[in-house]
Amino acid sequence: MNTAPATAPATVPATVPTTLFASDLDRTLIYSAAALDLRMPDAQAPRLLCVEVYDAKPLSYMTETAAGLLAELAARTVFVPATTRTREQYQRVHLPGPAPRYAICANGGHLLIDGRTDQDWHRAVQRRLAADCAPLAEVRDHLRRTARPEWLLKERTAEDLFAYLVVDRDRLSDAWIKELGDWAETRGWTVSLQGRKIYAVPRPLTKSAAVAEIARRTGAAGIIAAGDSLLDADLLLAADHGWRPGHGELADSGWAAPHVTALAERGVMAGECGLRAALRHVAGRGPAAAPHVPPSPDAACASTGCHAEACR
């Protein structure tokens with residue numbers, strides 16, 4: 001991968017949209033087969049578009065309707081994928097529409113411009129982590145020593161910035177997660193459980209800081225955002241308006257903020273609903289809708305979307 005320093009972009013012309021839309025990817029915009037959570041009868045399930053292939057097999061999807069909504073939204077905003085994925089993992093994802101000029105990888109550790117790492121940003125992040133947080137080696141050693149072999153499947157680091165474990169959720173102890181969180185907090189780190197992965201991330205390593213930098217460079221007048229995990233909370237709080245799905249860490253913990261709409265939809269239909277609400281907001285049809293009552297489990301979703309008031 002070419003990681004040559006990127007030249008700072010010139011001031012964006014006035015004709016360029018000035019709303020910045022920053023969105024998490026996994027379980028917010030795109031979904032694995034296991035995360036689709038399709039609750040309607042099979043004959044009424046939405047058509048799916050594969051947006052990621054891994055080891056020659058389809059891995060991640062969005063509905064075809066969501067793909068159209070995202071393409072339209074990207075044409076009206078500065079669209080910024082904001083992911084905890086590494087750069088290599090992000091580059092496997094092929095979203096509809098032109099490739100976004102800006103992207104955030106490694107939870108804010110890498111700011112990409114036209115696919116290239118902005119080295120000045122990356123060096124600034126490294127300096128702050130070195131000053132404010134325990135070193136990655138110390139955290140990784142603690143994970144290796146305390147993880148139990150009966151539930152640990154893999155142990156990894158990402159971009160030499162943070163660590164994560166792949167685990168068997170059915171055997172994982174909630175008490176161990178709490179103990180890890182308490183231990184990490186005293187060392188300037190935070191812990192997030194997402195699906196089968198446990199992330200240990202330095203607290204200053206945030207998506208919101210990278211989004212603020214992109215907003216500064218593009219002259220964006222407003223920020224809207226979407227995300228599902230605790231690692232997205234800072235991004236949502238920094239936005240003017242936001243949306244979170246009815247699944248994920250934020251939903252499970254009851255996390256809320258006055259300007260963030262808590263969608264009732266779960267799975268891939270939540271991705272479609274959130275995009276529809278964001279597009280509605282950008283089009284000036286009003287603020288984010290209030291939380292709504294979900295349809296009954298046996299109610300069929302329309303082929304073009306969900307039943308949410310936010311999506312109408």
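No hydrogens, no waters, no symmetry mates; every other heavy atom, side chains included, goes into these values. Only a predicted model underlies this, so the values are computations on that prediction, with no experimental measurement involved.
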Peer 1: Without hydrogens or angle criteria, can the side chains of Ser192 and Gln194 be said to hold a donor-acceptor pair below 3.5 Å?
Peer 2: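 Ser192 vs Gln194: donor-acceptor pair found between side chains.
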Peer 1: Indicate yes or no: at least one non-hydrogen side-chain atom of Leu250 is less than 4.5 angstrom from one of Asp228.
Peer 2: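 No, too far: nothing below the 4.5 Å cut-off.
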Peer 1: Under the side-chain contact (heavy atoms from CB on, under 4.5 Å) criterion, do Glu185 and Thr190 qualify, and how do the steps go?
Peer 2: CA-CA 6 Å; Glu185 184 176 8; Thr190 187; over 6 Å; no
Peer 1: Is any side-chain heavy atom of His259 closer than 4.5 Å to a side-chain heavy atom of Asp240?
Peer 2: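 Counting from C-beta outward, His259 and Asp240 never come under 4.5 Å.
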Peer 1: Would you give the length of the straight line joining atom OG of Ser208 to atom CD1 of Ile223, rounded to the nearest 0.5 angstrom?
Peer 2: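 Reported value, rounded in 0.5 Å steps: 9.0 Å.
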Peer 1: Could you walk me through whether Arg196 and Asp168 pass the salt bridge (charged side-chain N to carboxylate O under 4.0 Å, His left out) check?
Peer 2: CA-CA 7 Å; Arg196 298 190 306 141; Asp168 182 338; over 6 Å; no
Peer 1: Between Trp151 and Trp176, does the ring centre distance come in under 6.0 Å?
Peer 2: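 Here the rings of Trp176 and Trp151 have centres that are less than 6.0 Å from each other.
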Peer 1: Is Arg85 salt-bridged to Asp26, cutoff N-O under 4.0 Å?
Peer 2: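 Asp26 and Arg85: salt-bridged.
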Peer 1: To the nearest 0.5 angstrom, please state how far the CD1 atom of Ile30 sits from the OG1 atom of Thr83.
Peer 2: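 Rounded to the nearest 0.5 Å, the CD1-OG1 separation comes to 7.5 Å.
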Peer 1: Do you reckon Ile198 sits in the same ILVMFWY cluster as Val166, going by side-chain contacts under 4.5 Å, direct or chained?
Peer 2: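 Ile198 and Val166: one cluster.
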Peer 1: May I ask you to test the Leu143-Tyr164 pair for a side-chain heavy-atom distance under 4.5 Å?
Peer 2: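 A side-chain contact is absent here, since even the closest heavy-atom pair is not under 4.5 Å.
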Peer 1: Salt-bridge test for Arg244 and Asp232: reply yes if a basic N is under 4.0 Å from a carboxylate O, no otherwise.
Peer 2: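 Looking at Arg244 and Asp232, the cut-off is not met.
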Peer 1: Under a 4.0 Å N-O cut-off, is there an ion pair linking Glu150 with Arg171?
Peer 2: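 Not counted as a salt bridge, because no side-chain N and carboxylate O are separated by less than 4.0 Å.
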Peer 1: Quick one: do Arg39 and Asp37 satisfy salt bridge (charged side-chain N to carboxylate O under 4.0 Å, His left out)? Show the steps, please.
Peer 2: CA-CA 6 Å; Arg39 300 189 173 199; Asp37 200 7; 3.1 Å; yes
Peer 1: Following the transitive rule for hydrophobic clusters with a side-chain heavy-atom cut-off under 4.5 Å over Ile, Leu, Val, Met, Phe, Trp and Tyr, establish whether Tyr54 and Leu95 coincide in one cluster.
Peer 2: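 No, because Tyr54 and Leu95 fall into different hydrophobic clusters, even though each may have its own neighbours under 4.5 Å.
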Peer 1: Between Asn107 and Leu205 (side chain of the first, backbone of the second, donor and acceptor by atom type, cut-off under 3.5 Å), is there such a pair?
Peer 2: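 Yes: the side chain of Asn107 pairs with the backbone of Leu205.
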Peer 1: Could you measure the distance from the CZ atom of Phe162 to the CG atom of Leu136? Nearest 0.5 Å is fine.
Peer 2: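 One finds 10.0 Å between CZ of Phe162 and CG of Leu136.
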Peer 1: Quick check against the 3.5 Å criterion: does Lys207 have a side-chain atom that pairs as donor or acceptor with the backbone of Leu235?
Peer 2: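 Absent.
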Peer 1: Test your reading of the model: is there a side-chain donor-acceptor pair from Thr157 to the backbone of Asp160, 3.5 Å cut-off?
Peer 2: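 No, because the side chain of Thr157 does not come within donor-acceptor range (under 3.5 Å) of the backbone of Asp160.
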Peer 1: Do Thr117 and Arg87 have side-chain N/O donor and acceptor atoms under 3.5 Å apart?
Peer 2: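 Per modelled atom types, Thr117 and Arg87 side chains form a pair under 3.5 Å.
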Peer 1: Hey, any chance Leu59 and Leu38 share a hydrophobic cluster, counting ILVMFWY side chains that come within less than 4.5 Å of each other, even indirectly?
Peer 2: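 The answer is no; the residues belong to distinct hydrophobic clusters.
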Peer 1: Would you check if Met40 and Pro46 make a side-chain contact, meaning some heavy-atom pair closer than 4.5 Å?
Peer 2: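 Yes, at least one pair of side-chain atoms sits under 4.5 Å.
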Peer 1: Between Arg169 and Leu172, is there a side-chain heavy-atom distance shorter than 4.5 Å?
Peer 2: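 Side-chain contact under 4.5 Å: yes.
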Peer 1: Donor-acceptor pair, Trp243 side chain versus Leu263 backbone, under 3.5 Å?
Peer 2: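 A pair under 3.5 Å: no.
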Peer 1: Quick one: does Pro100's side chain get under 4.5 Å of Val80's, heavy atoms only?
Peer 2: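 They are not in side-chain contact.
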Peer 1: To the nearest 0.5 angstrom, please state how far the OG atom of Ser229 sits from the CZ atom of Arg27.
Peer 2: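 Reported value, rounded in 0.5 Å steps: 9.5 Å.
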Peer 1: Where the side chain of His110 meets the backbone of His122, is there a donor-acceptor pair that is under 3.5 Å apart?
Peer 2: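 Not confirmed, His110 side chain does not pair with His122 backbone.
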Peer 1: Go through it in stages, so that I can follow the logic: the residues are Leu70 and Leu275, the test is side-chain contact (heavy atoms from CB on, under 4.5 Å), and I'd like the CA-CA distance, side-chain angles, deciding distance and then a yes or no.
Peer 2: CA-CA 6 Å; Leu70 179 60; Leu275 286 169; 4.0 Å; yes
Peer 1: Looking at the rings of His281 and His241, which for Trp means the six-membered one, are their centres under 6.0 Å apart?
Peer 2: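 Yes, they do, as the ring centres are separated by less than 6.0 Å.
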Peer 1: Does either side chain, that of Thr86 or that of Glu159, offer a donor lying less than 3.5 Å from an acceptor on the other one?
Peer 2: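 Note: Thr86 and Glu159 side chains miss the donor-acceptor criterion.
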Peer 1: Is there a salt bridge (charged side-chain N to carboxylate O under 4.0 Å, His left out) between Asp132 and Arg187 once you walk through the steps?
Peer 2: CA-CA 9 Å; Asp132 296 348; Arg187 289 159 177 81; over 6 Å; no
Peer 1: Do the side chain of Arg266 and the main chain of Gly246 share a donor and acceptor less than 3.5 angstrom apart?
Peer 2: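 Yes, Arg266 side chain to Gly246 backbone: donor-acceptor pair under 3.5 Å.
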Peer 1: Assess the residue pair Ile224 and Leu20 against the criterion (side-chain contact (heavy atoms from CB on, under 4.5 Å)); give the C-alpha distance rounded to whole Å, side-chain angles, the decisive distance to 0.1 Å, and a yes or no.
Peer 2: CA-CA 6 Å; Ile224 59 176; Leu20 188 154; over 6 Å; no
Peer 1: Are the aromatic ring centres of Tyr61 and Tyr31 under 6.0 angstrom apart?
Peer 2: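 No - the distance between ring centres of Tyr61 and Tyr31 does not fall below the 6.0 Å cut-off.
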Peer 1: Out of curiosity, Arg92 CZ to Asp55 CG, how far, rounded to the nearest 0.5 Å?
Peer 2: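 If I round to the nearest 0.5 Å, the distance is 8.0 Å.
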Peer 1: Would you compute the distance between atom CE of Met62 and atom CD of Glu52 and round it to the nearest 0.5 angstrom?
Peer 2: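 The distance works out to 12.5 Å.
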Peer 1: Go through it in stages, so that I can follow the logic: the residues are Tyr102 and Ile113, the test is side-chain contact (heavy atoms from CB on, under 4.5 Å), and I'd like the CA-CA distance, side-chain angles, deciding distance and then a yes or no.
Peer 2: CA-CA 5 Å; Tyr102 298 95; Ile113 304 175; 4.1 Å; yes
Peer 1: Determine whether Arg76 and Leu279 make a side-chain contact, defined as any pair of heavy atoms from C-beta on separated by less than 4.5 Å.
Peer 2: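 Answer yes - side chains close enough.
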Peer 1: Is the shortest side-chain heavy-atom distance between Ser173 and Arg148 below 4.5 Å?
Peer 2: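 Contact flag for Ser173/Arg148 side chains = no.
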Peer 1: Tell me whether Asp174 at atom CG has more than 12 heavy atoms from other residues, nucleotides or ligands lying less than 6.0 Å away.
Peer 2: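 No, because the 6.0 Å sphere around CG of Asp174 holds 12 heavy atoms or fewer from other groups.
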